[in-house]
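Fair warning: this is a prediction, and the values are worked out from it, not measured in the lab.
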Amino acid sequence: MSKLGDLGARLHRGEVGYDFVKNRKIWYGLSILITITAIVGLAVRGLNMGIEFQGGAVFTTPKNTSVSVSQAERYAEESSGHDALVQKLGDGSLRIQVAGIDTDAANKIKNTLADDLKIDTEQINAELVGPSWGEQIANKAWQGLGIFMVLVVIYLAIAFEWRMALAAFVALIHDITITVGIYALVGFEVTPGTVIGLLTILGYSLYDTVVVFDSLKEQTKGLTKQTRWTYSDVANRSINSTLVRSINTTVVALLPVAGLLFIGGGVLGAGMLNDISLSLFVGLAAGAYSSIFIATPLVADLKEREPAMKALKKRVLAKRAHSAAKGETEAQGGDEAYGDEPEDAAPAVVGPRNQPASRTRGRGRPSGKRR
């Protein structure tokens, strides 16, 4: 078995583990810092909305155009009077994007660009996008996102409970805010592909969170009938038991997305791939982080506010303090140290439970005579 596989098995059995719940304030603080940075970037720089949302025109030059990107950008801005975005594509052609212009202005800009670039007008491909269409797309995107959020909360509240639904909702908002903030800071263009990427990573993040929640739900059945573990202990076990699985799925998902972002968009110059690949890359990483470090610790925080869980924690801590005062450790005490637990106590354990030493039977015959 590989080292990673062996570690995953040991984490699942509870032989090793990291206390994510105990250190939750560190993760909360880190998430708040990243979120504030994203919000500040969004407020200061704003989003670079594509022409699909604000209207405009896209001009594509022939292959192997000799004019540089900076020159083409200067020509486009001089001829249109608007800011222009120029990207060099993999085949050597230029994609010149000018927002906020109508059909008449687009035709004039096309003729002027042809003269400046010293090419025939017919060799420039022009695509015009109306602002009303972009506004409709933006409204539909917001509506879809809102409906998605509502359905997620309702489903989780029914399948699990409202505390888990609230924690998952907070994690999703966390992922959206960070991804949108990165777009503002980096300056990548926001297109319909970006919206598709956002919805994709929300589904992925939710899937990862539900896996942990399902494990937590199963392991906390009848939890109050024992005095061995608190809700936070079991929540931490649930995270650790699915940790390697979450890491594996995240890494496998990030590899092809990284290829699109850094090789396709960066090295090969396929700029149109950036809009969707950046949202996927940032969102997948943020989703994996939030499902481990935010959602489950937040559920533990909410659950331990319940009177029953408060009472359970008090009993567990009192019992541990009593055992510590006697100089007994959990490993030394074995099952006999927890004799007051009912037989149907919850199977929620953070580590492998020690079994009582087997009694060896004498191999000699009984002292009495046989008849």
Side-chain angles (χ1 to χ4, degrees), residues 8-25 155-168 170 208-243 245-246 291-359:
R10 294 178 66 194
L11 284 168
H12 184 75
R13 294 193 299 266
E15 296 175 2
V16 295
Y18 178 78
D19 201 339
F20 293 95
V21 177
K22 180 181 179 181
N23 299 311
R24 60 190 178 278
K25 291 183 179 179
Y155 168 76
L156 290 179
I158 295 174
F160 298 99
E161 58 171 300
W162 69 267
R163 294 169 188 82
M164 291 184 176
L166 177 60
V170 170
D208 230 18
T209 302
V210 167
V211 169
V212 181
F213 283 178
D214 186 63
S215 173
L216 182 58
K217 179 183 177 182
E218 290 298 320
Q219 295 191 63
T220 52
K221 290 180 178 179
L223 184 64
T224 56
K225 297 179 182 180
Q226 52 84 53
T227 56
R228 189 179 175 96
W229 310 111
T230 65
Y231 192 93
S232 292
D233 293 332
V234 182
N236 194 65
R237 164 69 185 271
S238 298
I239 299 175
N240 279 280
S241 63
T242 59
L243 182 61
R245 175 188 178 280
S246 298
S291 64
I292 296 172
F293 296 95
I294 302 298
T296 308
L298 183 56
V299 170
D301 266 340
L302 295 174
K303 284 292 291 185
E304 292 204 336
R305 296 174 186 269
E306 293 181 357
M309 293 303 168
K310 285 183 178 180
L312 172 63
K313 185 175 181 179
K314 186 176 180 180
R315 295 196 306 270
V316 172
L317 295 180
K319 190 162 193 176
R320 290 176 183 175
H322 178 69
S323 297
K326 283 185 172 184
E328 298 175 357
T329 62
E330 180 183 335
Q332 293 170 337
D335 282 353
E336 288 81 4
Y338 302 95
D340 60 334
E341 294 184 17
E343 292 182 358
D344 59 346
V349 293
V350 177
R353 194 163 177 150
N354 295 323
Q355 299 297 329
S358 60
R359 299 181 179 89

From [X] atom [atom1] to [Y] atom [atom2], the distance as rounded to the nearest 0.5 Å:
{"X": "Asp233", "Y": "Thr220", "atom1": "CG", "atom2": "OG1", "value": "12.5 Å"}
{"X": "Lys310", "Y": "Arg305", "atom1": "NZ", "atom2": "CZ", "value": "8.0 Å"}
{"X": "Arg228", "Y": "Leu312", "atom1": "CZ", "atom2": "CG", "value": "13.0 Å"}
{"X": "Thr296", "Y": "Asp301", "atom1": "OG1", "atom2": "CG", "value": "11.5 Å"}
{"X": "Leu298", "Y": "Arg163", "atom1": "CG", "atom2": "CZ", "value": "11.5 Å"}

Could you go step by step and tell me if Asn236 and Lys22 meet the side chain to side chain contact (heavy atoms under 4.5 Å, CB included) rule?
CA-CA 8 Å; Asn236 194 65; Lys22 180 181 179 181; over 6 Å; no
Pair Asn23-Phe293, side chain to side chain contact (heavy atoms under 4.5 Å, CB included): steps then yes or no:
CA-CA 9 Å; Asn23 299 311; Phe293 296 95; over 6 Å; no
Apply the test side chain to side chain contact (heavy atoms under 4.5 Å, CB included) to residues Thr230 and Met309: give CA-CA distance (whole Å), side-chain angles for both, the deciding distance (0.1 Å), then the verdict.
CA-CA 8 Å; Thr230 65; Met309 293 303 168; over 6 Å; no
Sidechain-backbone polar pair: Arg237 side chain, Val234 backbone, donor-acceptor under 3.5 Å
no
Here's a test for you: under side-chain hydrogen bond (donor to acceptor under 3.5 Å, both in side chains), which of Arg315, Lys314, Lys319 qualifies with Thr227?
Lys319
A side-chain contact here means heavy atoms from C-beta on lying under 4.5 Å apart; do Phe20 and Asn240 qualify?
yes
Over all heavy atoms of both residues, which pair between Ala157 and Ala165 is shortest? Give the atoms and the distance, please.
N-CB, 3.7 Å
List the atom of Arg245, the atom of Asp208, and the distance in Å for their closest heavy-atom pair.
NH1-OD1, 4.0 Å
In a table with atom names and distances, give each donor-acceptor pair under 3.5 Å that connects a side chain of residues 209-217 to protein atoms at least two apart or in another chain.
residue	atom	partner	partner atom	Å
Thr209	OG1	Ser205	O	3.0
Ser215	OG	Gln219	NE2	2.9
Lys217	NZ	Ala159	O	2.9

